[in-house]
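Working notes, structure below.
Here, residue 1 is the first one in the sequence, and each next residue gets the next number. Both ligands and their constituent atoms are indexed starting at 1 by order of listing.
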Amino acid sequence: MKAKFVCRLSSVFCLAVALAASAADVKYQDFKWEKDTLVPFGATTTVTLECPDPAAAKWLASHYKEWYGDAAPKVVAGATGLKVDGGDEAYAASTDADGVKIAANTLAGVRWASYTLRQLAIAKRSTFKTDGYLLPKLTTKDRPHLAFRAVHLCCFPETRIQQIERAIRLAALMKFNYAIIEPWGMYKSEKHPWWPWPNAYLTKAEVKRLVAIGKDIGITLIPQVNCYGHASSARGCTIKHCTLDIHPEYEPLYEPGGWCWCISNPETQRVLRELIAEIHEDFGNPPFFHIGCDEAFGAQSCPECVKTPHAELAIRHFNGLAEFLKSRGARAMMWHDMLLEKSDRRWDGFIKFGRKDAPSILDGLSKDIVICDWQYWDKTKGKDGKDWPTISHFAEKGFSVAGCPWTNYKAMMPMANHLVKINGFGFVETTWHHLRGKDWENMYKHGAHAAWGSPVSHDVSFQRSLRLVGNDMKVTDYLDTGYLSNQIPPGWWAH
Ligand SMILES: [Zn+2]
């Protein structure tokens, strides 16, 4: 089956795979350190920065002040003698007794270099309070595997906004450059106040604050609105619905039961466009917008939708949203599962929920849409294209495709390597309701490593990195420390 599939690939695509394969084998990162040779890093240290962007030196100096206070090293622009490989995000750095050198082509590269060093800096020893830092002696040059490296974060009603902020800041420190934010009924729309839960915490002011933080630290926030399935904005296992449980008068916008939007109703398209426009603007009009569209079970079940072929309805709905986003300067992203026919044996062992008409929907889908192929099983691991047939399928059809793992840690690096080989769009680490405890640590560590192509931390604990971002936020609440809110379940002593 797999051999047959490969034979069907066009010769142009095969050539692209062959050319890209040699590039994927290049080891980007060259990290050499003398772990036990420590050099001072403090107010008397000079950091020489070589970067064509004049804003970079200012950014670095202001962040050193934020991170190190009175012990902030001095930043001077100048030649470093370091060689930086091509690419906007590439960087090189060195530390020794004479000081620190950083070279990069853009501010993005400067950020990643500074995060590598920040993770490694420890407080100088033998004092009561911190009075300067120490860095290991090292030289490194680095650039990422994939240009688009995202985490997908869920703002559940049960999630504290501080948790989301820590997750965004930590993702940047671990060198992800995008965060897809799914509001789960927690975006407080002013245009459609009936849509979210009444206690929605993602207000305009809060969204703008998080977006500004992201912009400063190098991570672009991408909003999401589920525009087909998951219209309840609540996990299916709860049978909650953020709108219909409180505002039943909006029933015509949804299929019976409320899990899917009613896509034959023109009011649905109007409402979704208005929500997208409002949210997109609040997020600073980023270049991408996720329209969800996974697990659309029970779609086309109302008396009006059944009058039109499902593929026709779906294509009109998806492409209409994509076209609207294009007019706003953004590309739509959507989950892949309804675009693969469930009974198609070629995808056995992979996630696929589509109806019989899935192939015709895919054929009619706008190529402007980025397909996010979520595959969550370690059994998909492999080293060549044959092991990722769904990703290859979408690429062969001419789509930009992102690979999206979850807690299938062993599959992450092979998936990322395959994406590089086929010149895939990028990598989206999904987290869902597992952004807690050891799962949080493993999703970020393995996901970042795979997306970057090499370690983003060097013998640095997740605990230390998480504490750094909490310190940046100046957290004082017990609940906002560690990777669990409580060490004993609340109410444990009540009975
Ligand atoms: Zn309908």
Side-chain angles (χ1 to χ4, degrees), residues 182-185 187 189 191-197 223-280 289-325 332-343 351-366 368-369 371-372:
E182 181 174 345
W184 290 83
Y187 171 78
S189 171
K191 181 82 182 171
H192 293 290
W194 50 270
W195 180 55
W197 294 110
Q224 178 173 340
V225 171
N226 291 325
C227 295
Y228 196 21
H230 282 269
S232 65
S233 293
R235 297 184 65 208
C237 59
T238 67
I239 67 165
K240 289 176 183 287
H241 198 295
C242 73
T243 302
L244 295 181
D245 286 345
I246 295 160
H247 295 288
E249 65 271 28
Y250 295 101
E251 188 180 343
L253 297 175
Y254 303 91
E255 292 304 274
W259 182 253
C260 291
W261 291 96
C262 175
I263 60 174
S264 67
N265 184 347
E267 286 296 284
T268 302
Q269 182 80 199
R270 176 181 70 83
V271 164
L272 287 174
R273 287 184 186 207
E274 286 172 1
L275 284 170
I276 286 171
E278 182 183 9
I279 297 174
H280 192 230
F289 194 107
H290 205 303
I291 60 171
C293 300
D294 57 327
E295 301 183 326
F297 310 128
Q300 199 206 24
S301 53
C302 86
E304 194 57 31
C305 280
V306 294
K307 291 178 185 169
T308 309
H310 173 253
E312 190 182 322
L313 283 177
I315 291 169
R316 190 170 69 205
H317 185 66
F318 300 150
N319 288 359
L321 295 171
E323 194 180 320
F324 177 65
L325 278 161
M333 305 180 79
M334 71 181 280
W335 302 120
H336 84 287
D337 49 287
M338 303 312 294
L339 303 171
L340 294 180
E341 188 186 347
K342 195 175 177 181
S343 59
I351 308 275
K352 47 169 182 168
F353 297 138
R355 303 173 177 209
K356 282 278 177 206
D357 61 6
S360 50
I361 294 175
L362 187 63
D363 284 340
L365 198 67
S366 164
D368 213 47
I369 297 174
I371 296 179
C372 297

Whether Trp259 and His230 hold their rings parallel, tilted or perpendicular, with breakpoints at 30° and 60°:
tilted
Residues in salt bridge (Lys or Arg N to Asp or Glu O under 4.0 Å) contact with Lys356, at least two apart in sequence or another chain
Glu341
In chain order, what residues pass the side-chain contact (heavy atoms from CB on, under 4.5 Å) check against Arg355, with sequence neighbours excluded?
Ala299, Gln300, His310, Asp357
Kindly write out the residues that satisfy side-chain hydrogen bond (donor to acceptor under 3.5 Å, both in side chains) with Thr308, not counting sequence neighbours, or none if the list is empty.
none
Answer whether the closest heavy-atom distance between the side chains of Trp335 and Gln224 falls below 4.5 Å.
yes
Considering residues, nucleotides and ligands other than Ile239, do more than 12 of their heavy atoms fall under 6.0 Å from its CD1?
no
Spell out the protein N/O/S atoms under 2.8 Å from the Zn ion (ligand 1) as residue plus atom name.
Glu255 OE2, Cys262 SG, Cys302 SG, Cys305 SG
